[in-house]
Chemist: 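My questions will all concern the structure given below.
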Amino acid sequence: MAPKRKKSPSIDPQGIFSGMVVFLVETGVQSRRLQIWKQKLVQMGATTEERLSKKVTHVFAINSQALLQQLDGQLLKRFKPRVLLYQWLEDSLRSGEKVSEDQYHLLVDMEGENTKDKSLVLKLVNENTSSADELSPHNEKIKSDVKKFKSDAENKGLSEVPNSPGSSDSSPLSQTLTNPIPSSTLHSDLSLPYSPPDLNRSITEIFGKLINIYRALGDDRRSFSYYKAIPVVEKLPFKIESADQVKDLPGIGKSMQDHIQEIVTTGKLSKLEHFETDEKVRTISLFGEVWGIGPATALKFYEKGHRTLEDLKNEDSLTHSQKLGLKYFDDIKTRIPRHEVQEMELLLQKTGEEILPGVDILCGGSYRRGKASCGDLDIVITHPDGKSHKGFLTRYVKRLKDMKFLREDLIFSTHSEEGTDSGVDTYFGLCTYPGRELRHRIDFKVYPRDIYAFGLVAWTGNDVLNRRLRLLAESKGYRLDDTGLFPATQASGGKRGARASASLRFDNEKEVFDFLGFPWLEPHERNL
DNA sequence: GGACGGTCTTC
DNA sequence: GAAGACC
DNA sequence: GTCC
């Protein structure tokens, strides 16, 4: 079934900038900033003009020098727009309403000097990095879920020193799916971390715990509701002091308001405290960490009287996969340093090339998102010609087993081999870093290019931004999955092989950012 | 009060 | 075909 | 849990 897309971008015609027609002087402004401003203006009701005309009500510039460099003074005189410093925008955005323009008028005496101190302005601009707001509070229905909101180790192991996943702009997929750049591009350019305000962490932290708990209990729906609420709360530019301030936000209903109210007044959430001290909840959560054991089975074991992982080992109803999950429980939990993932990716690419020249093999997931360490390997495979991926996975897996890279299987299914069928081949298993016995989880997915239009692979290396990015994608009816792929559509609908809409295909990350209206960040700009 | 994913394994 | 689990 |  073709994807239902469309839906206007999240624009609020009644937003605070409603009615403004804006011309932005680009001189002296980082293009990223500019994008953010432009986007915010549009989202909050303004329209932007590419050239100065009589329609224009406001002109923004960083200083008068820049202004005159780009605009003819005569035109300004003729059209008489209000000429303001960008700082007005920033301050308005921060306060959530239009601030008085008084302080921000950019006086232009035709000679070009100006009262404001340029360096000061720049400094102010640098300071405020309240980032793009993607969503206005109403609008858009969420059309599809983001599954896999695993808040696994990625969230716990906060020690993120993300590297910059690299990506070149103009490359077709085959090149986009190349290796992340080594860590050298970092700290190239100064300060100005693109750091969104994060003023409500007390709330999002608690919600994060609830996500895990509800998921362990098998209540994925509820869990997902909290998952969705986090980026909404997270992007607020102010510290919440009362539930009133969130009552109209998307994804925040009655219960969430109550929770927020309790958190901001007492600093904690009794509901969470109860969960955390409940033996049953704790035990089920623990059992659920074993690969292959989910909420239902965990509960069953709990009711049978099992309380520890040792107890579980004596359980005779375990499946093969569950036994493996138990046996390698500690191994699997061990995180893999980034550089090792990189080496393994290289090895996998090399091996793949030997079997099928031209094949695209890439490590996605948290590695691609620039994490300093990864919980597992998430390997994405495709082939540029759209056909020769068929049958590849079987040979590939065999080869990797021969060389003792792959050790144990968890799931292995192939759909691409049977002629007309163009499903997704999947392999889940355990692998080892060469010369070591420690098991790591590894997934392979082979995507026929026509079914999955590929999106970005790197995300941003910054969790807060990533959540927003995903939320944004979702608000437009798309799904951005954990591996970093953008499935164009579901390959389902009765018969696999139904052709996906080709309307959604991105050849590089920038296209995806643009498509979503997310400000483009160079790789080195993505880290906090 | 129903929807909120797609796919594979196991029963 | 339903339940359970995983991404 | 939220949205419709």
Side-chain angles (χ1 to χ4, degrees), chain A residues 1 3-4 137-152 154 207 210-211 213-230 232-233 246-260 271 287-301 317-322 324-325 332 364-366 375-380 409-416 421 423-429 441-447 451-452 474-475 477-485 487-496 498 500:
Chain A
M1 200 158 68
K4 335 240 83 164
H138 44 59
N139 79 36
E140 319 279 345
K141 24 200 110 205
I142 307 285
K143 300 227 197 111
S144 62
D145 271 0
V146 176
K147 27 248 66 155
K148 314 204 298 180
F149 35 89
K150 56 169 176 194
S151 50
D152 63 53
E154 239 178 65
F207 283 8
L210 288 174
I211 290 173
I213 290 170
Y214 280 121
R215 203 177 34 168
L217 296 179
D219 194 344
D220 280 19
R221 308 294 176 192
R222 186 155 306 179
S223 171
F224 188 57
S225 290
Y226 286 102
Y227 176 85
K228 282 185 296 191
I230 286 186
V232 174
V233 168
V246 297
K247 70 172 188 303
D248 289 326
L249 296 177
I252 311 284
K254 183 69 175 65
S255 303
M256 298 268 190
Q257 287 172 44
D258 293 346
H259 291 162
I260 288 172
K271 188 189 193 82
F287 290 175
E289 288 181 40
V290 178
W291 201 95
I293 297 182
T297 316
L299 175 60
K300 197 180 75 190
F301 289 154
S317 71
L318 295 178
T319 66
H320 178 65
S321 299
Q322 288 167 338
L324 284 173
I332 293 173
S366 50
D376 62 2
L377 276 69
D378 199 342
I379 309 296
V380 176
D409 302 337
L410 294 168
I411 287 179
F412 192 4
S413 77
T414 58
H415 282 94
S416 69
D421 224 355
V424 180
D425 290 341
T426 308
Y427 176 90
F428 297 164
R441 280 277 298 106
I442 187 166
D443 299 347
F444 295 113
K445 280 205 166 156
V446 182
Y447 292 91
I451 295 284
Y452 282 74
E474 205 186 312
S475 75
Y478 295 98
R479 200 172 95 237
L480 182 52
D481 75 13
D482 264 2
T483 68
L485 289 176
T489 183
Q490 293 93 300
S492 67
K495 126 203 263 174
R496 243 179 336 237

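Letters A, B, ... are given to chains in the order of the sequence lines, protein chains preceding strands, and every chain is numbered from 1.
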Chemist: What's the gap between B:dG1 and C:dA5 when it is taken at their P atoms, as a whole Å value?
Modeler: 28 Å
Chemist: Give the intermediate values and the outcome of side chain to side chain contact (heavy atoms under 4.5 Å, CB included) for residues A:M256 and A:S225.
Modeler: CA-CA 9 Å; A:M256 298 268 190; A:S225 290; 4.1 Å; yes
Chemist: Please determine whether a side-chain nitrogen or oxygen atom of A:K271 lies at a distance below 4.0 Å from atom OP1 or OP2 of D:dG1.
Modeler: yes
Chemist: Can you tell me, in whole Å, how much space there is between the C1' of B:dC4 and that of C:dG1?
Modeler: 23 Å
Chemist: Determine: side-chain N/O of A:S223 to OP1/OP2 of D:dG1, distance under 4.0 Å, yes or no.
Modeler: no
Chemist: Please give, in whole Å, the distance from B:dG2 P to A:R221 CZ?
Modeler: 14 Å
Chemist: Among C:dA5, D:dG1, C:dC7, find the nucleotide with the atom closest to the side chain of A:W291.
Modeler: C:dC7
Chemist: If you only use heavy atoms from C-beta on, which nucleotide in C:dA5, C:dC7, D:dG1 is closest to the side chain of A:A296?
Modeler: C:dA5
Chemist: Could you tell me how far B:dG5 sits from D:dC4 if I compare only their P atoms? Round to whole Å.
Modeler: 15 Å
Chemist: Would you call A:D425 and A:K445 a side-chain contact if the rule is heavy atoms closer than 4.5 Å?
Modeler: no
Chemist: Nearest whole Å is fine: how far is B:dT9 P from A:L410 CG?
Modeler: 11 Å
Chemist: Could you work out the separation of B:dG2 and C:dG4 based on their C1' atoms and round it to a whole Å?
Modeler: 22 Å
Chemist: Can you check the A:I411 CD1 to C:dA5 P distance for me, whole Å?
Modeler: 12 Å
Chemist: For the side chain of A:R441, starting at C-beta, report the closest nucleotide among D:dG1, C:dC7, C:dG4.
Modeler: C:dC7
Chemist: With sugar-phosphate meaning primed atoms plus P, OP1 and OP2, does A:H320 contact a base, only sugar-phosphate, or nothing at under 4.0 Å between heavy atoms?
Modeler: nothing
Chemist: Name the nucleic acid region contacted by A:I252, choosing base, sugar-phosphate or nothing; use a 4.0 angstrom heavy-atom cut-off, strictly under.
Modeler: sugar-phosphate
Chemist: Starting at atom CG of A:D220, determine the distance to atom C1' of B:dG5, rounded to an integer number of angstrom.
Modeler: 11 Å
Chemist: Determine whether A:L324 and A:T319 make a side-chain contact, defined as any pair of heavy atoms from C-beta on separated by less than 4.5 Å.
Modeler: no
Chemist: Can you sort out the partners of A:F207 under ring-ring contact (aromatic ring centres under 6.0 Å, His included), two or more places apart, ordered by chain and number?
Modeler: A:Y226
Chemist: Please pick, from D:dG1, B:dC11, B:dT9, the nucleotide with the shortest atom-to-atom distance to any side-chain atom of A:T319.
Modeler: B:dC11
Chemist: Excluding sequence neighbours, so at least two apart, what forms salt bridge (Lys or Arg N to Asp or Glu O under 4.0 Å) with A:K254?
Modeler: A:D258
Chemist: How many whole angstroms separate atom CD1 of A:I293 from atom P of B:dT9?
Modeler: 19 Å
Chemist: Looking at A:G429, is its backbone amide N or carbonyl O close enough to the side chain of A:R441 to form a donor-acceptor pair, meaning the two atoms are under 3.5 Å apart?
Modeler: yes
Chemist: Please report the distance, rounded to the nearest Å, between CG in A:D219 and C1' in B:dC4.
Modeler: 12 Å
Chemist: So which nucleotide from D:dT2, B:dC11, C:dA5 ends up closest to the side chain of A:M256?
Modeler: D:dT2
Chemist: Could you tell me the separation between the OH atom of A:Y227 and the C1' atom of D:dT2, rounded to a whole number of Å?
Modeler: 16 Å
Chemist: Is A:K300 touching bases, backbone alone, or none of the nucleic acid, heavy atoms closer than 4.0 Å?
Modeler: nothing
Chemist: Atom CG of A:D443 and atom P of C:dC6: how far apart are they, to the nearest Å?
Modeler: 12 Å
